[in-house]
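To start, the structure itself, in structure tokens.
Values below: all heavy atoms of this structure, side chains included; hydrogens, waters and symmetry mates excluded. Here is the naming used below: chain letters follow the sequence lines, and residue numbers restart at 1 for every chain.
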There are 2 protein chains.
Amino acid sequence: MNASRSAQPWVPTLEEVAALAGVSSSTASRVINGSPRVTESTVARVNAAIAKVGYVPNRAARSLARRSTQTVAMMIPERTAEFFADPYFAEVIQGAAMYASSTEYSLTLLIESENDPEKTHQLLRRGNVDGALILSHHSASSSYRELARTLPVVFGVRPPGETGEEIHVVDVDNTAVGALATQHLIDRGRRRIATISGPLDTTAGQERLQGWRDALSAAGLEELGSEEGDYTPSGGAAAARRLLDAGVQMDALFVASAQMAAGALGVLKERGIRVPDDVAVATVDNNVFSTSASPQLTTVDLHTAAKGAAMMATVVRLIRGEQLDAEAALPLDLVVRESTGC
Amino acid sequence: MNASRSAQPWVPTLEEVAALAGVSSSTASRVINGSPRVTESTVARVNAAIAKVGYVPNRAARSLARRSTQTVAMMIPERTAEFFADPYFAEVIQGAAMYASSTEYSLTLLIESENDPEKTHQLLRRGNVDGALILSHHSASSSYRELARTLPVVFGVRPPGETGEEIHVVDVDNTAVGALATQHLIDRGRRRIATISGPLDTTAGQERLQGWRDALSAAGLEELGSEEGDYTPSGGAAAARRLLDAGVQMDALFVASAQMAAGALGVLKERGIRVPDDVAVATVDNNVFSTSASPQLTTVDLHTAAKGAAMMATVVRLIRGEQLDAEAALPLDLVVRESTGC
DNA sequence: CTGAAAGCGCTTACAG
DNA sequence: CTGAAAGCGCTTACAG
């Protein structure tokens, strides 16, 4: 039953390191934590002892004494399968994990409870983390606003319902994303540009749609038609069908995510509509959905891994109580491929 | 600087709960840990107090006292971008995280050092975890064999170099995987079946190849040709090119992963070879690479999320010192789609 | 610059 | 069944 006891074999302790170096554990601790008030020779002896026994500080003891856990939680929406199926999220996690590995913080995955914010709250307290990263798109994220008042929290998307509270968001300028893709379609000479938007109960969904509008209006073009999708391939397919069934005569289509674009592409093919000849398609996300589609999709590269890293960097600074400089804008690049001709 | 101190606002402690319930913290602790030696009425009072103040145990203190961390590490290969780009791994992580959320254990992501096993070793000790899950395919994984002697470790793939040591592997029967896909091709009436294998320095790569051989030999067919890939789309494309350039006249192709199959499909199309008419294609992994390929790919569904869950379940049992029953075989299903005709 | 002591918040023999 | 006490392995004022 207490096999867990015997699982940890021989782990040297601070006291042993100190004894080996001939100092008190207080001093050994100071060396480990880089205190300036230690003699050079002492530092050397302690470090030698550490190296000799392969000392690694016990996290739990350190956390308890410091009252901080050196752990950041990545909150995962309850519908984990869908979440992980989206390469977008995998990329964010990758970036965050990568950045974390360059710090003292470790990343832990916590699955949130969608319909019970209190449970999630508990989870975070149970998890005893120093900060949290929030990626969910939907209502749940707004319940984190409250949490953000007591714990460093960084959002990957702006939660809906602006309330004036100061929250930390690391995200691209989604209006610019929509405008960039749409402008490219315009530059390609297209004039009848429809769109498949993201969910309109998310700020990203609204903003990319707004970007489409802005670009059209700046070019004096009309808003041909827009249908709402849910960021999944089947949602994109359904939206494409609705557009076509409504008789929209488009020569271009801006799809707010590559997953949806993949679905839409299938419908266009099904209906005998050629891409890019009949309809040029531009989308968002530079991942497998845009590169392995046929034709390959012109897309806005969101540099998603960099975003994950930036989220992690931001939460670490919040935890440390550092001053946050003006939110660095995340980069945005248009990657031109076959789907918008050449 | 010590803003982290003020970050945690008001967190009730065991002692406070105990006081509120009118018992000692020893007793309160017993209630929390489900000790049988407590009066019913005491249990009720303590639980009421817990609910009232929203008490959540401090993980660090508990870990320190119990000498166990309730944390399991998922080791991520250093090349994180490639790793996370493979939906296979995302799915394993998903399953493991999901299972973890139903236990007291939490999952933390640790990035391993490929060329410095000692560093990884340190990482695990620094991470102070109770167990580890290993997913990497290559040599690095063999360095974990040693680790497995002192820490509960579960492998997602059998590390190369059998040495008779007892290690815990949760994986499908990869020989069966190769045989299942190949047999399907045979059942479809194909007789000239080539293969694109996984890396042959991995046991999974070897075994799927062996499965192909077994099925062919059982059917009295010859081994037409095999090329090695690296599980990436470009690796699959390159292998397909080598096969074709060598003049192999196949009527079917077994590709050991969907990512490679996606790449191979592009090459076949490029060369004007029709799928499935000229060449039927069967692969492995039921994910976006098989469903969004065109034509959609017949594949062996590995139930990868279930595998992640099983890995987590296994490591938890190891940690608890439980007796492991005979390794439950992971399920395996053939999903028939367009790429093998009908 | 260094050490003795207290304390972080739990768990768990040991008595009773 | 319950409580007082010791201890888990660190950190950090407080003295010196």
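Side-chain contact annotation: A:Ser25 with A:Glu15, donor-acceptor N/O pair under 3.5 Å absent.
With hydrogens and angles ignored, no donor-acceptor pair closer than 3.5 Å exists between the side chain of A:Arg67 and the base of C:dG7. Contact of A:Arg59 with D:dG9 (side chain to base): no donor-acceptor pair of N or O atoms is detected under 3.5 Å.
With both ends at atom C1', the span from D:dG16 to D:dT12 equals 16 Å, rounded to whole Å.
The side chain of B:Ser63 contributes no N or O atom lying less than 4.0 Å from OP1 or OP2 of C:dC10. Checking the phosphate oxygens (OP1, OP2) of D:dC10, a side-chain nitrogen or oxygen of A:Thr13 falls inside 4.0 Å. Under 4.0 angstrom from either OP1 or OP2 of C:dT2 there lies at least one side-chain N or O belonging to A:Thr39. Between A:Ser29 and D:dC10 there is no side-chain N or O to OP1 or OP2 distance below 4.0 Å. The shortest distance between the side-chain N/O atoms of A:Asn33 and the OP1/OP2 oxygens of D:dT11 is below 4.0 Å. B:Ser26 has no side-chain polar atom (N or O) that falls below the 4.0 Å cut-off from OP1 or OP2 of D:dG3.
Residues B:Glu104 and A:Arg126 are paired through a salt bridge, judged by an N-O separation under 4.0 Å between the basic side chain and the carboxylate.
Distance from the side chain of A:Arg37 is smallest to C:dC1 among C:dG9, D:dT12, C:dC1.
Applying the ring pair (Phe, Tyr, Trp, His ring centres under 6.0 Å) test to pairs two or more places apart or on separate chains, those with a residue in residues 28-83 of chain A are A:Phe83-A:Phe89.
Stretches of at least 3 consecutive Watson-Crick or G-U wobble pairs, with each checked distance under 3.5 Å, appear in DNA chain C as C:1-3 with D:14-16, C:5-12 with D:5-12, C:14-16 with D:1-3.
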